[in-house]
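One structure below.
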Amino acid sequence: MKITIAGAGAMGSRFGLMLHKAGQEVFLVDGWKEHVEAINRDGLKANFNDKDIVEKIPAVLQCDIPTDFKTDLIILFTKALQLDDMMQALKPIIHDRTDVLCLLNGIGHEEIIEKYVGLDHIFIGNTMWTAGLEGPGKAKLFGTGSVELENLGEGQSAKAKEIANVLTEAGLNASYSDNIRYSIYRKACVNGTLNGLCTILDCNITGFGTCKYAHEIVTSIVSEFAAVAKHENVSLDVDEVIHHIEETYDPETIGLHYPSMYQDLIKNHRLTEIDFINGAVAKKGEKYGISTPYCKFLTELIHCKEEILKAK
Ligand code: NAD
């Protein structure tokens, strides 16, 4: 299968590398010049489960995509705020039969993708894989993960299962879901609490989790997500989600980890995905007449921090 990875950062590198190793025809598209140059010059390097490997995968800058290029599947792995520009850049290679799989964190990306691709060709999902970038052309990939995905268009479940099979054959452990919006909202609750709160409070997950007010704040945020999700016929079990979040506080598991938003904003002064997590809930809440003060406030605080740090 001809697969284009659109957004070849940490996660795009993981998926591109594993699919390429499995024999798929992979093509990387990215907006970071030094990264694309390094991949084309030296191959995509990775520390892959403690082993240094190199995969020779063609990469191209998103402003230089060849117009005669055909692809069967596009897997989107930009940051949420880069998605619209990437879809715009991909326009020349999107044809009637091009399928698009979106695995970004956050809510509502389909509203952007639908501007460029018919519903029958859009697949959404989420992933428990993780990845990091050590610098241009070099990824750090360890641990295990999974992918869940579903078709947006009616009657396209066979295609969704076919895509899941391709990912699974590459070791990406993918499965078809018949309730992907539930999984997306559930994961967004984790990101919508730990990401923004650890970033603003300048602490790791255990640091936040051991605060006296942690339970109350998490309950308020998750309840806002659940109220908005309910309006979209997604039924979150608030207690189960809170328990799921609180399990991450354990320093023996991932508690000592600083969430990706912290790394992006505090360490690297990069803009965040907050508008697609808490910001999306606040916006939907306004539209549905649901009060979401915690999500709105956290979104505003993160934007203030972005301004203070002159994030780009
Ligand atoms: P990323 O920041 O590694 O890459 C996203 C884009 O930013 C890529 O185009 C990349 O080339 C570019 N970029 C990265 N570092 C840059 C730099 N220093 N200068 C210029 N450009 C740079 O993002 P990611 O972690 O791969 O995340 C992609 C999506 O997947 C997001 O929605 C994220 O929330 C989600 N996600 C990430 C992980 C993870 O462990 N990284 C896990 C699950 C989901």
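Indexing begins at 1, ligand by ligand and atom by atom, following the structure's order.
Close approach of ligand 1 to Trp129 is summarised as follows: ligand atoms under 4.0 Å from at least one heavy atom of the residue are 42 (C), 43 (C). Each of the atoms 43 (C), 44 (C) of ligand 1 lies under 4.0 Å from some heavy atom of Lys187. Distances below 4.0 Å separate heavy atoms of Thr130 from the following atoms of ligand 1: 40 (O). Listed by number with element, the atoms of ligand 1 under 4.0 Å from a non-hydrogen atom of Leu104 are 32 (O). Contact atoms of ligand 1 toward Gln82: 5 (C), 6 (C), 7 (O) (distance under 4.0 Å to a heavy atom of the residue).
In the hydrophobic clustering of this structure, Leu104 does not group with Leu149; members are Ile, Leu, Val, Met, Phe, Trp, Tyr whose side-chain heavy atoms approach within less than 4.5 Å, directly or through other members. In the hydrophobic clustering of this structure, Ile75 does not group with Phe276; members are Ile, Leu, Val, Met, Phe, Trp, Tyr whose side-chain heavy atoms approach within less than 4.5 Å, directly or through other members.
The 12-atom threshold is exceeded at OH of Tyr258, counting heavy atoms of other residues, nucleotides or ligands nearer than 6.0 Å.
A heavy-atom distance below 4.5 Å is found between the side chains of Asp264 and Lys79. The shortest side-chain heavy-atom distance between Gln263 and Arg270 does not fall under the 4.5 Å cut-off.
Contact detail for Thr98 and His121: the closest heavy-atom pair is O-CB, 3.2 Å. Closest approach of Leu90 to Ala6, counting heavy atoms only: CD1-CB, 3.8 Å.
With a heavy-atom cut-off of 4.0 Å, Asp264 does not touch ligand 1 at all. Under 4.0 Å from ligand 1, heavy atoms of Asn105 appear from its side chain as well as its backbone. With a 4.0 Å heavy-atom cut-off, ligand 1 is reached by the side chain of Arg270 but not by its N, CA, C or O. For Trp32, every heavy-atom contact with ligand 1 shorter than 4.0 Å involves the side chain, none the backbone. Using a 4.0 Å cut-off between heavy atoms, Ala131 contacts ligand 1 through its backbone alone, with no side-chain atom that close.
Here the protein heavy atom with the shortest distance to atom 32 (O) of ligand 1 is Glu273 OE2, 2.7 Å. In terms of protein heavy-atom proximity, atom 23 (O) of ligand 1 is closest to Lys79 CE, 3.3 Å. Ranking protein heavy atoms by distance to atom 4 (O) of ligand 1, first place goes to Gly9 CA, 3.4 Å. Ranking protein heavy atoms by distance to atom 26 (O) of ligand 1, first place goes to Met11 N, 2.8 Å. In terms of protein heavy-atom proximity, atom 29 (C) of ligand 1 is nearest to Thr78 O, 3.4 Å. The shortest contact between atom 30 (O) of ligand 1 and any protein heavy atom is with Phe77 CD2, 3.6 Å.
Applying salt bridge (Lys or Arg N to Asp or Glu O under 4.0 Å) to Arg181 and the options Glu150, Glu110, Glu148, Glu232 leaves one that passes, Glu110.
When Val29, Leu133, Asp30, Ile39 are ranked by how near their heavy atoms come to atom 11 (O) of ligand 1, first place goes to Asp30.
The aromatic rings of His231 and Tyr288 sit parallel, their planes meeting at an angle under 30°, below the 60° perpendicular limit.
Applying the side chain to side chain donor-acceptor pair (under 3.5 Å) rule to pairs touching residues 296-312 yields Thr272-Glu306, Asp275-His303, Lys296-Glu300, His303-Glu306, sequence neighbours excluded.
A salt bridge does not link Asp72 to Arg97: none of the charged nitrogens lies less than 4.0 Å from a carboxylate oxygen.
At least one N or O atom of Ala10, backbone or side chain, sits closer than 3.5 Å to an N or O atom of ligand 1.
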